[in-house]
Every structure is written in structure tokens, then in C-alpha cells.
Undergrad: 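The following block contains the structure, expressed as C-alpha cells.
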Amino acid sequence: MLQLDAEALYAELREGVRTLWREDAALVGIWSGGAWLAERLQADLGLACRHGVISSTLHRDDFGSRGLAGAAPTELPFAIEGRHIVLIDDVLYTGRTIRAVVNELYDFGRPASVQLAVLVDRGGRELPIAAAYAAARLVLPATQRLSLARAPDGCFSFLVEDKGDKR
């Protein structure tokens, strides 16, 4: 069974985001795992500007079948127009969530740039989307789902499940 140390990968992600960071940037986490990561990154990097949270729900190409799916609404406590955005997610897979999030982001203005940093890039892209920084790259069968979990104390771990499991 696959064993990934989410805390060790978080430390690598933190250093990767530090290299992408610029003075006029803003941190935006994708709901839910990316939002958890952005919240912790903001604190650990000592960023003065509050991080934003963005939802892919309204721009997903499968919205008709998924509906609102319990996602939190987008909350961007800063202007997007002309801003350099560091977009954070836990797992990059097909690229469809990133496409939807970029569409949502542009509903709020036109950023100067958007750089994506992820904890894990698992390959399997359906769209031409790449992360500027990935703490790990691995290949999983399409039948498996990799998701980030957060314990009450804020520590991260990974769950690997077969898509058929209803746990």
C-alpha cells in the first residue's frame, strides 16, 4: 500500500511556495484541502495578507450532475485585479478543478499571474495544466482516489481509497 508522509510533503510545499512568493502576491487555497494548506502556509510563512479560499463548484463541467456538493463559497479578502496569485491545492490530477477555479478567479478580476503549487501531482492530466511547484509526483491507478485529511490538531495525512469504496 502507498505510504505518503503528508507532513514532510507539507514542509517541502512550504519551501516551494517561499520560492514562488513575491511581495505583491496573494495566497488562494482551493476548497477543501488547498484551503487547509493555504491557511497553514499563511501562518507558517508569516504572511500579513489573509489567504483566500476559492471554490470550483460553479464552474465545473460536471456541475449538472454534482450540484453544489457541500463546498464553501469563494472568499477572496483582497482585490484580484493586477495581483500575482499563488494558487494552492492538495492533489493535481486531471486539471479540471484547476480550470474551473481559474474561471472562478477571473469572475473577480484579471490577475497579473497565477502560479499553481500542489502537495502531490499524481499525473493523469486531461487538460494542459501544470504546477509551478509540486512537493511530490507519483502515478496512481485511475481507480484510486488520493485525498488530504486534516486532524483536529491541524496535522495532515493522506487517504488512498479505491473509487468504488463507500467508506
Side-chain angles (χ1 to χ4, degrees), residues 6 9-138 142 145-150 154 156:
L9 291 177
Y10 170 78
E12 290 183 37
L13 178 67
R14 183 184 62 232
E15 295 313 307
V17 168
R18 193 182 310 270
T19 65
L20 296 175
W21 195 254
R22 40 187 303 164
E23 202 62 32
D24 55 348
L27 197 60
V28 177
I30 299 173
W31 181 258
S32 65
W36 298 337
L37 292 165
E39 178 181 13
R40 192 157 151 197
L41 285 165
Q42 178 192 343
D44 291 352
L45 295 174
L47 304 178
C49 181
R50 232 177 91 217
H51 72 283
V53 175
I54 195 160
S55 170
S56 66
T57 302
L58 296 178
H59 289 279
R60 291 192 63 92
D61 56 12
D62 58 356
F63 178 79
S65 62
R66 287 177 55 129
L68 292 176
T74 294
E75 183 183 338
L76 300 169
F78 41 75
I80 294 300
E81 190 70 34
R83 195 81 177 254
H84 294 278
I85 304 296
V86 178
L87 188 60
I88 305 295
D89 204 7
D90 52 355
V91 179
L92 175 58
Y93 183 30
T94 63
R96 293 167 64 200
T97 296
I98 304 304
R99 183 211 48 84
V101 162
V102 168
N103 286 349
E104 175 83 0
L105 195 60
Y106 273 77
D107 285 350
F108 290 85
R110 184 176 180 199
S113 67
V114 179
Q115 291 187 295
L116 175 63
V118 299
L119 207 54
V120 175
D121 180 344
R122 64 168 284 174
R125 216 74 74 243
E126 295 175 0
L127 298 172
I129 291 175
Y133 183 83
R137 296 180 193 281
L138 58 97
R145 176 180 166 85
L146 177 65
S147 56
L148 188 66
R150 181 174 68 167
F156 297 124

Undergrad: Which heavy atom of I80 sits nearest to which heavy atom of G109, and what is that distance?
TA: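 The pair with the smallest heavy-atom distance is CG2-O, 3.7 Å.
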Undergrad: For R83, check side-chain hydrogen bond (donor to acceptor under 3.5 Å, both in side chains) against everything at least two apart and list the hits.
TA: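 R83 satisfies side-chain hydrogen bond (donor to acceptor under 3.5 Å, both in side chains) with no residue once adjacent residues are dropped.
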Undergrad: Would you please name every residue forming a salt bridge (Lys or Arg N to Asp or Glu O under 4.0 Å) with R18, sequence neighbours left out?
TA: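 With neighbours one apart ignored, the set is E15.
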Undergrad: Which residue pairs satisfy the salt bridge (Lys or Arg N to Asp or Glu O under 4.0 Å) criterion with at least one member in residues 27-39, sequence neighbours excluded?
TA: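 For residues 27-39: E39-R150.
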Undergrad: The criterion is side-chain contact (heavy atoms from CB on, under 4.5 Å); which residues satisfy it with A132, sequence neighbours excluded?
TA: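 By the side-chain contact (heavy atoms from CB on, under 4.5 Å) rule, A132 matches L20, Q115.
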Undergrad: Do you know which two heavy atoms are closest between E12 and Y133, and how far apart they sit?
TA: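 It is O-OH, 3.1 Å.
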Undergrad: Got V53 and V28 here, is their nearest side-chain heavy-atom distance under 4.5 Å?
TA: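 No - every pair of side-chain heavy atoms lies 4.5 Å or more apart.
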Undergrad: Evaluate side chain to side chain contact (heavy atoms under 4.5 Å, CB included) for W21 paired with V86, printing each intermediate quantity in order.
TA: CA-CA 7 Å; W21 195 254; V86 178; 4.0 Å; yes
Undergrad: About how many Å separate CD1 of I85 and OG of S113, when rounded to the nearest 0.5 Å?
TA: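 So the gap between those two atoms works out to 7.5 Å.
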Undergrad: What salt bridge (Lys or Arg N to Asp or Glu O under 4.0 Å) pairs are there with at least one residue in residues 101-120, not counting sequence neighbours?
TA: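 Those involving residues 101-120 do not exist here.
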Undergrad: Not counting sequence neighbours, list each pair that qualifies as a salt bridge (Lys or Arg N to Asp or Glu O under 4.0 Å) and has a residue in residues 46-58.
TA: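 Listed by first then second residue: R50-E75.
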Undergrad: Provide the closest heavy-atom pair for A112 versus G82 in the form atom of the first, atom of the second, distance.
TA: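 Nearest pair, atom of A112 first, then G82: CB-O, 3.4 Å.
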Undergrad: Could you name each residue pair satisfying salt bridge (Lys or Arg N to Asp or Glu O under 4.0 Å) that touches residues 23-32, not counting sequence neighbours?
TA: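 Every salt bridge (Lys or Arg N to Asp or Glu O under 4.0 Å) pair that includes a residue of residues 23-32, provided the two are not neighbours, is R22-D24.
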Undergrad: Could you give me the CA-CA distance, side-chain angles and deciding distance for H51 and L41, then say whether side chain to side chain contact (heavy atoms under 4.5 Å, CB included) is met?
TA: CA-CA 9 Å; H51 72 283; L41 285 165; over 6 Å; no
Undergrad: Kindly indicate, with the supporting measurements, whether the criterion side chain to side chain contact (heavy atoms under 4.5 Å, CB included) is fulfilled by I88 and V118.
TA: CA-CA 6 Å; I88 305 295; V118 299; over 6 Å; no
Undergrad: Among all residues two or more places apart in sequence or in another chain, which pass the side-chain hydrogen bond (donor to acceptor under 3.5 Å, both in side chains) test with S147?
TA: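 By the side-chain hydrogen bond (donor to acceptor under 3.5 Å, both in side chains) rule, S147 matches no residue at all.
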Undergrad: From the options L119, L116, V120, select the one residue that forms a side chain to side chain contact (heavy atoms under 4.5 Å, CB included) with L92.
TA: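 Going through L119, L116, V120 one by one, the side chain to side chain contact (heavy atoms under 4.5 Å, CB included) with L92 is satisfied by L116 alone.
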Undergrad: Going by the rule side-chain contact (heavy atoms from CB on, under 4.5 Å), which residues pair with T94 if we only count those two or more places apart in sequence or in a different chain?
TA: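 Partners of T94 by the side-chain contact (heavy atoms from CB on, under 4.5 Å) criterion, ordered by chain and then number, come out as R96, E126.
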Undergrad: If you round to the nearest 0.5 Å, how far is CG of D90 from CG of L9?
TA: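 With rounding to 0.5 Å, CG (L9) is 11.5 Å from CG (D90).
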Undergrad: Counting C-beta onward and ignoring hydrogens, is there a side-chain heavy-atom pair between C49 and L27 closer than 4.5 Å?
TA: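 No, too far: nothing below the 4.5 Å cut-off.
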Undergrad: Give me the atom names and distance for the closest heavy-atom approach of G52 to P77.
TA: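 In terms of heavy atoms, the two residues are closest at CA-CD, 3.8 Å.
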Undergrad: According to side-chain hydrogen bond (donor to acceptor under 3.5 Å, both in side chains), who are the partners of R137, at least two apart in sequence or on a separate chain?
TA: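 R137 satisfies side-chain hydrogen bond (donor to acceptor under 3.5 Å, both in side chains) with D121 once adjacent residues are dropped.
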Undergrad: Give the minimum heavy-atom separation between V17 and A117, together with the two atoms involved.
TA: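 Taking every non-hydrogen atom into account, CG2-CB, 3.9 Å.
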Undergrad: Looking at residues at least two apart in the chain, or sitting in another chain, which of them share a ring-ring contact (aromatic ring centres under 6.0 Å, His included) with Y10?
TA: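 With neighbours one apart ignored, the set is F156.
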Undergrad: For the residue pair P111 and Y106, what are the closest heavy atoms and their distance?
TA: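 Closest heavy-atom pair between P111 and Y106: CD-CZ, 3.6 Å.
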Undergrad: Could I get the full list of side-chain contact (heavy atoms from CB on, under 4.5 Å) partners for V101, not counting sequence neighbours?
TA: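 Once residues adjacent in sequence are excluded, the partners of V101 under the side-chain contact (heavy atoms from CB on, under 4.5 Å) criterion are I30, I54, S56, L87, T97.
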Undergrad: Compare all side-chain heavy atoms of P73 with those of W31 and state whether any distance is below 4.5 angstrom.
TA: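 The answer is no, as the side chains (C-beta and beyond) never meet within the 4.5 Å cut-off.
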